[in-house]
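All residue numbers in this chain count up from 1 along the given sequence. Just so we're clear, the structure is a prediction, and the values are computed from it rather than from any experiment.
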Amino acid sequence: MTDELPHIDSALLDTPDLAKLALPTGADHPPRILILYGSLRPQSFSRKLALEAERILRRFGAETRVFDPHELPILDSVPGSHPKVQELRALSLWSEGQVWVSPERHGNLTGVFKNQIDWLPLEDGSVRPTQGRTLAVMQVCGGSQSFNVVNALRVLGRWMRMVTIPNQSSVAKAWQEFDEDGRMKPSPFYDRVVDVMEELFKFTLLVRDRSDYLVSRYSERKGAAHARALSIAAAVAEVTAAAAPIEEVSLLRRACCAGGAC
């Protein structure tokens with residue numbers, strides 16, 4: 001079989017099977033869900049939708065956090081050690097799933113939302129703050145229904161190596177879908193939000209304890225094996241170089257003794 005694939009290192013090729021997808025023991029804590037929204041307006045409808053999603057997730061039993069994007073600096077205007085940046089990164093590491101909610105601005109997601117994602121590195125040492133986490137995407141529209149933002153968020157989620165669930169929500173004319181207390185009114189839009197949160201909860205239960213296996217890639221295992229080989233070779237070369245002077249001194253001493261100079 002391997003003769004048909006001469007360019008594959010069979011030692012690094014992992015054939016998937018059901019046994020490897022078995023749920024580990026002890027995975028019984030509530031799913032941890034981080035919710036991000038994309039507006040700083042006092043009457044932000046993306047924030048209202050985010051809080052409504054949080055209520056539904058808590059009803060299912062999830063542990064949730066909603067990140068407040070106020071006072072998060074523009075990317076690269078401050079060091080990554082800024083407290084607000086550290087808060088966002090810590091929450092992403094804490095999470096097992098995420099909900100992204102953004103208004104549509106000029107046919108796309110807002111700068112407020114994108115800035116949050118831009119502060120999350122794809123990789124920080126050996127840690128990837130978003131890889132393998134589940135993701136649900138939603139948007140609010142000021143006018144008629146659009147899917148520009150949820151489509152853009154899906155591209156962004158894929159780039160961040162997240163498992164984006166199939167369902168999504170786009171709330172048209174969001175200004176008329178919430179009451180004076182900021183609660184979402186009963187409607188097909190509300191029912192769809194419940195659908196999305198239910199699906200996210202299910203997918204998070206399925207993925208969270210298997211995420212390392214699910215996102216393990218042949219190309220990365222091959223790269224890591226190559227890096228280990230280079231590291232070992234470099235260590236051997238260093239030891240050889242360090243030992244060389246000692247051997248040379250020993251040879252000189254034997255030469256001196258043979259000539260009676262000792």
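A donor-acceptor distance shorter than 3.5 angstrom exists from the side chain of Ser170 to the backbone of Ser146, with no hydrogens or angles considered. Panel note: side chain Arg133, backbone Gln131; a donor-acceptor pair is recorded below 3.5 Å. Gln139 contributes a side-chain N or O that, together with a main-chain N or O of Val150, makes up a donor-acceptor pair within less than 3.5 Å. Of the possible donor and acceptor atoms, none in the side chain of Trp175 sits under 3.5 Å from a partner among the backbone N and O of Phe45. Under a 3.5 Å cut-off, the side chain of Thr164 and the backbone N or O of Leu135 do not form any donor-acceptor pair. A donor-acceptor distance shorter than 3.5 angstrom exists from the side chain of Asp17 to the backbone of Ala19, with no hydrogens or angles considered.
For the atom pair His29 NE2 and Glu63 CD, the distance stands at 8.5 Å (nearest 0.5 Å). Rounding to the nearest 0.5 Å gives a distance of 12.0 Å between CG of Leu21 and CG of Asp209. Taking NZ of Lys222 as the start and CG of Leu12 as the end, the distance is 8.5 Å to the nearest 0.5 Å. To the nearest 0.5 Å, the span separating CD on Glu104 from CG on Asn148 amounts to 4.5 Å. The CG atom of Leu91 sits 10.5 Å away from atom CD of Gln116, with the distance rounded to the nearest 0.5 Å. Residue Lys114 holds its NZ atom at 11.0 Å from CG of Leu153, rounded to the nearest 0.5 Å.
Leu36 and Phe203 are assigned to two separate hydrophobic clusters, defined by single-linkage of ILVMFWY side chains at heavy-atom distances under 4.5 Å. Hydrophobic clustering (side-chain heavy atoms under 4.5 Å, transitive across Ile, Leu, Val, Met, Phe, Trp, Tyr) groups Tyr190 together with Leu57. Tracing side-chain contacts under 4.5 Å through hydrophobic residues (I, L, V, M, F, W, Y), one reaches Val194 starting from Ile35; they form part of the same cluster. Hydrophobic clustering (ILVMFWY, side-chain heavy atoms < 4.5 Å, transitive): Leu205 and Leu200 are in one cluster. Met160 and Leu75 fall within a single hydrophobic cluster, where Ile, Leu, Val, Met, Phe, Trp and Tyr side chains are chained together by heavy-atom contacts under 4.5 Å.
A side-chain donor-acceptor contact under 3.5 Å links Gln98 and Ser92. Counting only N and O atoms by type, the side chains of Thr204 and Thr134 include a donor and acceptor under 3.5 Å apart. For the residue pair Ser216 and Arg221, a side-chain donor N or O sits within less than 3.5 Å of a side-chain acceptor on the partner. In this structure, a donor-acceptor pair under 3.5 Å is present between the side chains of Thr64 and Arg58. At a cut-off of 3.5 Å, with distance as the only test, no side-chain donor of Gln176 or Lys185 sits close to an acceptor on the other residue.
Looking at Ser46 and Val101, their side chains come closer than 4.5 Å, going by heavy atoms from C-beta outward. A heavy-atom distance below 4.5 Å is found between the side chains of Val171 and Met184. Within the 4.5 Å cutoff, the side chain of Asp68 has no heavy atoms near those of the Arg47 side chain. Taking the side chain as every heavy atom from C-beta outward, Ile8 and Tyr218 approach each other to under 4.5 Å. Taking the side chain as every heavy atom from C-beta outward, Pro69 and Leu40 approach each other to under 4.5 Å. No side-chain heavy atom of Leu88 sits less than 4.5 Å from a side-chain heavy atom of Lys84. In this structure, the side chains of Phe189 and Lys173 stay at 4.5 Å or more apart for every pair of heavy atoms.
Around the CH2 atom of Trp159, the shell of radius 6.0 Å holds no more than 12 heavy atoms that belong to other residues, nucleotides or ligands. At most 12 non-hydrogen atoms from other residues, nucleotides or ligands lie less than 6.0 angstrom from CZ of Arg105. Under a cut-off of 6.0 angstrom, the local environment of NE2 in His106 is sparse, with at most 12 non-hydrogen atoms contributed by other residues, nucleotides or ligands.
When all heavy atoms are compared, the tightest approach of Ile165 to Ala136 is CD1-CB, 3.9 Å. In terms of heavy-atom proximity, Val99 sits nearest to Ile33 at CG2-CG2, 3.9 Å. Between Leu206 and Arg210 the shortest heavy-atom distance is O-NH1, 2.5 Å. The two atoms that bring Leu49 and Val140 nearest to each other are CD2-CG1, 3.7 Å, heavy atoms only. Between Pro30 and Glu96, the shortest heavy-atom distance links the atoms O-OE1, 4.0 Å. Closest approach of Gln86 and Ser81 over heavy atoms only: CG-O, 3.7 Å.
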### Task
Please report the C-alpha distance between Glu220 and Arg161 in whole Å, then the side-chain angles of each, then the deciding distance to 0.1 Å, and finally whether the salt bridge (Lys or Arg N to Asp or Glu O under 4.0 Å) criterion is met.
CA-CA 14 Å; Glu220 292 182 349; Arg161 298 185 171 187; 2.8 Å; yes
### Task
Could you walk me through whether Leu72 and Val85 pass the side chain to side chain contact (heavy atoms under 4.5 Å, CB included) test, one step at a time?
CA-CA 7 Å; Leu72 178 68; Val85 176; 4.0 Å; yes
### Query
When you look at Leu214 and Val163, which way does the side chain to side chain contact (heavy atoms under 4.5 Å, CB included) test go after all the steps?
CA-CA 10 Å; Leu214 289 171; Val163 181; 5.7 Å; no
### Task
Begin from the C-alpha positions of Lys202 and Glu199 and carry the test salt bridge (Lys or Arg N to Asp or Glu O under 4.0 Å) through to its verdict.
CA-CA 5 Å; Lys202 292 175 182 176; Glu199 189 170 290; over 6 Å; no
#### Entry: Check against side chain to side chain contact (heavy atoms under 4.5 Å, CB included), Arg154 and Phe147
CA-CA 11 Å; Arg154 285 186 176 279; Phe147 299 96; over 6 Å; no
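Residue Met197 forms a side-chain contact (heavy atoms from CB on, under 4.5 Å) with just one option from Arg59, Arg192, Met138, Glu54, and that option is Met138. For the ring-ring contact (aromatic ring centres under 6.0 Å, His included) with Trp100, the qualifying choice from Phe67, Tyr37, Phe113 is Phe113, the only one to do so.
Here Glu123 pairs with Arg128 in a salt bridge; the nearest charged N to carboxylate O distance falls below 4.0 Å.
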